[in-house]
Structures are given as C-alpha cells and as structure tokens.
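Structure record follows, encoded as structure tokens.
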Amino acid sequence: MTSQTRSALVVGGGIAGPVVAMALQKAGVEATVYEAYPSPADSVGGGLSIAANGLNALDVIGVGDVVRRVGTPMRGTVMQNWAGKVLAEFSPPAHLPPAQFAWRGDLYRALSDEATRRGIRTVYGKRLVAATDTGDQVDVSFADDTRASADVLVGADGIRSTVRSLIDPGAPRPEYAGLLGFAAPVADTGLPPTGGRLHLSYGKHASCGYLVYPDGAGGWFVNLPHREPMTVAQARAVPAQEWLRVLREAFRDDRSPAPELLRRSDPADLLITGPLETMPTVPTWSRGRMVLVGDAVHAASPSSGQGASIAVESAVQLGRCLRDLPYGEAFAAYERLRRERVERIINAAIRTNRNKASPVARMARDLLMPIAMKVAMRMVKPEKMAWQFEYRIDWDEPVVTPAGSAHA
C-alpha cells in the first residue's frame, strides 16, 4: 500500500456521512462520524429516490439491499398537466434495476444502523467550528470545546457545509430555486395504485408528485413557487395547518389527484422540507487534508432525482481513491472522476426548476412537451438518454494518477 491514510473524521451524519464512512472502512480507513444534531435526525426531510446508479454504488459496499428493504420500487415517471392530461412518460432502460423511493427518515435510520452494525462510531452533538491542517494530521474543534484528530477530514455536512467554508472562505453559497418543498405520507389516498410509477402533476400554481401503493396508501411532495426565500426554520415556524391551507388553495382549480391527496392529508404528517436550493459550481473541492463529498460540494435539486445517488457515488469513489493513493493525489483523482458528471446533472436540474417556478414556462411546457417528446423519442436513441443511470464503479480497478501509473 502506498496510501498513508488510516483514519478519517467524517463531519455530517445524514445520508452521505454513513455511506462515506462505510466506503472508507472497506478501503481500510477507520472513520468516525461527527453529527451536529444532539440525536439521530430521523424525522428530518421528505421523500427521495435512489436511482439505479445510486443502487449500483451502494451495492459496491454491500449496502444496496439495506436500501431496498426500506424502499418502494419506482419503474418510471408520468408527467401530467393541471387537467390530468398526460404530457409525457419516461421509463428507465429495461436492463437496469428500478429506482427506490424512500422517506428520508427511513433511509437515514437504515444507513445509520448499518454503519453502527459494522462498528462505525457516530458521535452526536458535535458542531464543527474549526479545523487545522498540521501537516501530519488534521485537528478539529467542536462548539462544545472538544477536539478530535485524524489523517483526513471529510466534509459530508450538507449544502450549508462548514467544511466547505474552511477549505475556501470565498466558496459560493447555496442559491434559492424559487420553490418551497413539502411532503406527506397518506394512509388512504382513495386513488388507484400507480403501478410503481411516479406521477408528476404540473398544476396551475404548483407541482405535485405522488405514488400510490397497492394497498391504497401512498405519499406526495409539492414544489410551491414562493418569491421570497425562507429558511427551513422560518417555514417550519408556520403551523402545518396553515401550510396545508396554502397548498390546497394552490391546487384548488386543478383537475388532478393533488387536491384530493391534500384533502386527505393530516397536518400532523406534513413534512416541511423548506427551500429548494442548488449549489453553484464549487471551485475548490479539497485543501490539504480536507475534502468535500455529497451536497457539501455538488448539491443537486430534488428535481434532478439524483441528489442522493450522486452523493453515494462520490462517497464510494472517494473511498477507492484514498485506498490507492496518498491523500493529496487521492483528492485530485476523486475530483477528476466526479466533477464533470455531477455538474452535468446539476445543470439539468436547474433548468427543470426554472420551468417549475415560472408561470410562462409552465404554460409553454403544457403546450410544447407532447410535441417535443414525440420528436425527441424519434431522434434520440434510448442508450444516449441512459447516461445518468448506467454509471458503475469498479471497486477492484486501481485508481491511477494522470501519468497513468497505478498505485495499489
């Protein structure tokens, strides 16, 4: 082994944190996760999907089945307008496994429990305030005046990453996408099952996605255009009953299932996920012994359907790189492997958000999408549309330097 990395501090215990810790463990690096919340944050967030490429990455470290146990297979997407007219239908390539829909709390618990089962320690109530690269190691300080040290520091601390600001004080900040997010499970939707297909209803004033399971239960999420940005705390300070009133009013004139889903929703079940945000291009992914992963460096809007998937891809690739190379070369190789792909996905999601937030864009979409989809399906070969989902990581392939020499 030429790599000298034997220990890592992983800051952030959300989705990416446990995954990068397990990937590092597989690579022979002992990782400890430090989480700012005082206890497991298993009630935070709405629903999300893990696409085929994310499942492939999780399978590399033996975690794919953990996610499948808490997920619901998603076999495609149906897009509708406010009147219920189908605008377009998408299905992933038949040779790929279906995506998995999961509530974030269930996914968080499953990944955290699996990391614990593998002997990875998570320490709660540790809000990072400072980090110093001594040359031989990285020393960190937390808000409770405790300290820790390791060979490297991995920032998996989300879109408002503290580690990102430590690496580059001039790093860009998240950009508001003009939308607020809400979600809720519904015990009895009163609707027929959607056959594992996510239905996206683009209403006159907001958009709604929903799934209905074979037993009639299901869940929905809403992206509500909102001119003024709100923090998560500000949004959650508004009573759930009031938000449901606002959402019901937004869909009042729609002839889609959204009004009925909202009518059947209990305020106690409402999940207020807050502003939809994206990260501009982050120029600096690492400095010295510190590196970023997941939303801390490439936060894709939920509109991409890829945020969690590209986060776990990056976690696994970072593990490979630190297995084979000294940390400086490893971080450079990791960025080369990831930057172009994640930025392409993020840019596509930014275009989607603009269409959701703009009334003019919504009208144009309703008129043009059926025609555009027919043309696109004739002109674009299916394999060219599958680049997001077919991404695979070969764990056993040695990571090479730009000169082409392998280190293992």
Side-chain angles (χ1 to χ4, degrees), residues 43-49 72 77-87 101 103-105 176-194 197-213 215-277 301-303 305 352-363 365-366:
S43 61
V44 177
L48 53 81
S49 63
T72 299
T77 302
V78 178
M79 302 176 71
Q80 302 166 300
N81 68 4
W82 67 273
K85 178 183 178 181
V86 173
L87 301 174
F101 171 84
W103 293 104
R104 189 187 183 283
Y176 178 52
L179 300 161
L180 296 178
F182 304 86
V186 181
D188 179 10
T189 64
L191 299 171
T194 53
R197 295 168 73 80
L198 175 68
H199 284 239
L200 294 174
S201 177
Y202 292 98
K204 289 184 175 181
H205 305 290
S207 59
C208 174
Y210 63 93
L211 284 169
V212 180
Y213 311 136
D215 64 357
W220 56 263
F221 68 85
V222 164
N223 294 158
L224 177 72
H226 196 272
R227 185 182 301 275
E228 296 299 325
M230 298 180 75
T231 66
V232 174
Q234 288 171 333
R236 290 176 181 167
V238 177
Q241 184 63 57
E242 173 61 15
W243 275 127
L244 274 178
R245 185 196 66 77
V246 171
L247 296 177
R248 288 165 181 161
E249 179 65 20
F251 288 96
R252 182 185 62 183
D253 298 328
D254 288 8
R255 299 200 297 269
S256 72
E260 181 65 11
L261 287 168
L262 290 164
R263 187 185 71 80
R264 290 172 176 256
S265 297
D266 188 329
D269 295 328
L270 183 67
L271 300 166
I272 302 169
T273 56
L276 272 68
E277 298 174 305
S301 164
S303 299
T352 299
N353 282 338
R354 287 173 182 158
N355 288 339
K356 286 182 178 181
S358 165
V360 174
R362 291 198 297 271
M363 292 175 62
R365 178 196 56 234
D366 288 359

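Nothing fancy with the numbering, it's 1 onward along the sequence. No experiment lies behind these values; they were computed from the predicted model shown.
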Would you check if Leu191 and Leu261 make a side-chain contact, meaning some heavy-atom pair closer than 4.5 Å? yes
Nearest 0.5 Å, what's the CD-OH distance between Glu228 and Tyr176? 8.5 Å
Taking every non-hydrogen atom, the tightest pair across Leu276 and Gly181: CD1-N, 3.6 Å
Distance from Asn81 atom CG to Arg255 atom CZ, nearest 0.5 Å? 8.5 Å
Report the residue from Thr194, Leu198, Thr189, Val186 that forms a side-chain contact (heavy atoms from CB on, under 4.5 Å) with Tyr210. Thr194
Enter the distance from Tyr202:OH to Asn223:CG here, rounded to the nearest 0.5 Å. 8.5 Å
As an exercise, state the distance from CG of Leu87 to CD of Gln80, rounded to the nearest 0.5 Å. 8.0 Å
Only counting residues at least two apart or in another chain, list the ones meeting side chain to side chain donor-acceptor pair (under 3.5 Å) with Ser49. none
Are side-chain heavy atoms of Phe221 and Leu200 found at a separation under 4.5 Å? yes
Side chains of Arg245 and Arg248: closer than 4.5 Å at any heavy-atom pair? no
So how far is it from Arg236 CZ to Leu270 CG, rounded to the nearest 0.5 Å? 10.0 Å
Taking every non-hydrogen atom, the tightest pair across Val232 and Ile272: CG1-O, 4.5 Å
Could you check if a side-chain atom of Leu179 sits within less than 4.5 angstrom of a side-chain atom of Pro275, using non-hydrogen atoms only? no
Compare every heavy atom of Gln241 with every heavy atom of Pro267, then report the nearest pair and how far apart it is. CG-OE1, 3.0 Å
Look up atom OG in Ser201 and atom NZ in Lys85, then write down how far apart they are to the nearest 0.5 Å. 14.0 Å
Closest non-hydrogen atom pair between Thr77 and Arg197, with its separation: O-NH2, 3.9 Å
Here the pair of heavy atoms bringing Gly47 nearest to Ala183 is N-CB, 4.4 Å
Between the main-chain N or O of Pro239 and the side-chain N or O of Glu242, is there a donor-acceptor pair closer than 3.5 Å? no
Test item: Trp220 and Phe182 side chains (from C-beta on) under 4.5 Å apart, heavy atoms: yes
Using every non-hydrogen atom in the two residues, find where Phe251 and Cys208 come nearest and quote the distance to one decimal. CZ-CB, 3.7 Å
